[in-house]
Engineer: 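Below you'll find the structure I mean.
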Number of protein chains: 2
Amino acid sequence: MANPQDRYAIIVEKFRKKSLKLTPQRLAIAKILALSKGHPSVEEIFEQLKKTFSTMSLATVYRNVLLLKSFGEVLELSFPDGSNRYDGNRPYPHPHVICIKCGAIVDPALDALKDLTHLVAKETGFQILTHRFDFFGICRRCQNSDKK
Amino acid sequence: MANPQDRYAIIVEKFRKKSLKLTPQRLAIAKILALSKGHPSVEEIFEQLKKTFSTMSLATVYRNVLLLKSFGEVLELSFPDGSNRYDGNRPYPHPHVICIKCGAIVDPALDALKDLTHLVAKETGFQILTHRFDFFGICRRCQNSDKK
DNA sequence: TTCTTAAAAGATAATAGTTATTATTTATTA
DNA sequence: TAATAAATAATAACTATTATCTTTTAAGAA
């Protein structure tokens with residue numbers, strides 16, 4: 001996991017370079033995404049910030065997440081059930097392991113992937129630009145709680 | 001690719017076993033999905049069947065795709081842009097290569113994946129149930145047409 | 001073949017997540 | 001401190017999918 005403070009500084013610098021305003025709401029959203037351990041959803045970011053900003057609007061969260069996505073500073077993970085989760089800490093494609101019971105998302109180390117990309121490019125003739133690798137299953141905690 | 005006729009027969013048999021009616025619309029949807037070379041969307045299935053069934057309803061396509069999905073006879077591929085495509089020919093998880101220009105979807109042969117699943121299970125403690133592997137890029141045809 | 005009926009189709013309303021719009025507020029710079 | 005371009009807040013609009021309800025039909029029985 002990248003240092004959250006470094007990621008936060010990088011994102012703020014991106015805003016500054018593009019002469020975008022550093023509003024408190026915007027910075028707070030950036031901070032949550034830079035931490036981003038739990039891969040939060042827009043709704044979760046919104047709920048968390050309502051405590052600090054009483055007038056916080058859901059649209060503001062959507063707007064800024066969209067913006068950061070367009071900068072390549074946030075990775076969007078959309079799931080078959082329609083839900084979207086975000087990673088501002090590691091905004092480049094990487095594999096995820098998702099618990100279908102509790103929704104937890106874990107980043108496994110899987111170095112073998114680079115080789116796969118080359119293999120696929122060779123086999124299909126595609127120029128591969130990005131990828132998405134997700135494993136779905138049940139985390140250790142949920143496996144244990146099921147046994148009770 | 002599995003034999004489309006076999007896949008069609010399997011799906012029809014599934015309907016029969018569950019005492020579900022074999023309506024012409026239902027059978028036509030099943031046939032398109034059993035072929036399913038191009039990984040059609042609901043909209044594409046609907047457009048194609050309107051030619052044969054003048055009163056065809058979009059809801060009927062959704063209803064039957066949902067049904068087949070619940071039987072495990074169709075694999076749903078949902079994409080970040082919100083689009084959904086379906087594979088009734090190989091309804092089990094397998095990797096895809098998607099062209100971001102023309103939307104073509106190709107199934108590469110990638111035997112290395114089984115090992116990855118075991119690796120991930122070992123590393124994370126998850127019980128892995130399914131997965132999703134997508135490579136995004138530009139197909140050979142679109143690479144060539146760009147050069148013009 | 002005709003009759004019965006449970007299920008499916010068709011048409012459309014409802015839903016949910018996201019994006020667009022507009023008036024108000026605010027960060028930034030001079 | 002004032003000017004203003006941009007962001008926020010509130011809400012309307014949009015889109016893909018699902019639910020509802022009425023009409024039609026497949027399938028088994030008489």
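Values below: all heavy atoms of this structure, side chains included; hydrogens, waters and symmetry mates excluded. In the text below, chain A, chain B and the rest are named by the order of the sequence lines, each starting its count at 1.
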Engineer: At a heavy-atom distance below 4.0 Å, what parts of residues 26-50 of chain A sit against DNA chain D?
Structural biologist: A:R26

Engineer: Sequence neighbours excluded, which residues qualify as salt bridge (charged side-chain N to carboxylate O under 4.0 Å, His left out) partners of A:D87?
Structural biologist: none

Engineer: Please report the shortest heavy-atom distance between B:R7 and B:P91, naming the atom on each side.
Structural biologist: NH2-CG, 3.4 Å

Engineer: Apply salt bridge (charged side-chain N to carboxylate O under 4.0 Å, His left out) to A:R26 and list each qualifying residue two or more places apart in sequence or on a separate chain.
Structural biologist: none

Engineer: Looking at DNA chain C, which of residues 11-19 of chain A put a heavy atom within less than 4.0 Å of it?
Structural biologist: none

Engineer: Side chains of residues 49-62 of chain B: which donor-acceptor partners sit under 3.5 Å, not counting sequence neighbours?
Structural biologist:
unit_1, atom_1, unit_2, atom_2, d
B:S57, OG, B:A59, N, 3.2

Engineer: With a 3.5 Å distance limit and no angle check, can you tell me whether A:E73 reaches the backbone of A:G88 through a side-chain donor-acceptor pair?
Structural biologist: no

Engineer: Check A:N89 against A:L35 and note the closest heavy-atom contact, atom names and distance.
Structural biologist: CB-O, 3.7 Å

Engineer: Do the side chain of A:Q143 and the main chain of A:I138 share a donor and acceptor less than 3.5 angstrom apart?
Structural biologist: yes

Engineer: With sequence neighbours left out, write down each residue that passes ring-ring contact (aromatic ring centres under 6.0 Å, His included) with A:F133, or none if nothing qualifies.
Structural biologist: A:H131, B:F133, B:F135

Engineer: Tell me the closest heavy-atom pair linking B:A34 and B:P4, and the distance in Å.
Structural biologist: CB-O, 3.7 Å

Engineer: Please enumerate all residues that pass side chain to side chain contact (heavy atoms under 4.5 Å, CB included) together with A:A121, with sequence neighbours excluded.
Structural biologist: A:I128

Engineer: For the helix from C:dT1-D:dA30 to C:dA30-D:dT1, what angle separates the axis at the start from the axis at the finish, each from five pairs, in steps of 10°?
Structural biologist: 30°

Engineer: Any side-chain to backbone donor/acceptor pair from A:R132 onto A:S78? Under 3.5 Å, distance only.
Structural biologist: yes

Engineer: Looking only at non-hydrogen atoms, find the nearest pair between A:H94 and A:Y92 and report the distance.
Structural biologist: ND1-O, 2.7 Å

Engineer: Under a 4.0 Å heavy-atom cut-off, which of residues 57-72 of chain B touch DNA chain C?
Structural biologist: B:S57, B:A59, B:T60, B:R63, B:N64

Engineer: Got a list of protein N/O to nucleotides 28-30 of chain C N/O distances below 3.5 Å?
Structural biologist:
unit_1, atom_1, unit_2, atom_2, d
C:dT28, OP1, A:L22, N, 3.1

Engineer: Would you say the side-chain atoms of A:E44 pair up with the backbone N or O of A:S41, donor to acceptor, closer than 3.5 Å?
Structural biologist: yes

Engineer: Please check this pair: side chain of B:R85 against backbone of B:H39, looking for a donor-acceptor N/O pair closer than 3.5 Å.
Structural biologist: yes

Engineer: Measure the distance from CZ on A:F53 to C1' on C:dT26 and round it to the nearest whole Å.
Structural biologist: 13 Å

Engineer: Kindly write out the residues that satisfy side chain to side chain contact (heavy atoms under 4.5 Å, CB included) with B:D81, not counting sequence neighbours, or none if the list is empty.
Structural biologist: B:F79, B:S83

Engineer: Mind checking which nucleotides bracket the chain A contacts on DNA chain D, 5' to 3', with an atom under 4.0 Å from a heavy atom?
Structural biologist: D:dA5 to D:dT11

Engineer: I'd like to know if the side chain of B:T130 and the backbone of A:F136 have a donor-acceptor N/O pair within less than 3.5 Å.
Structural biologist: no

Engineer: Once you round to the nearest 0.5 Å, how far does CZ of A:F15 lie from NZ of A:K17?
Structural biologist: 13.5 Å

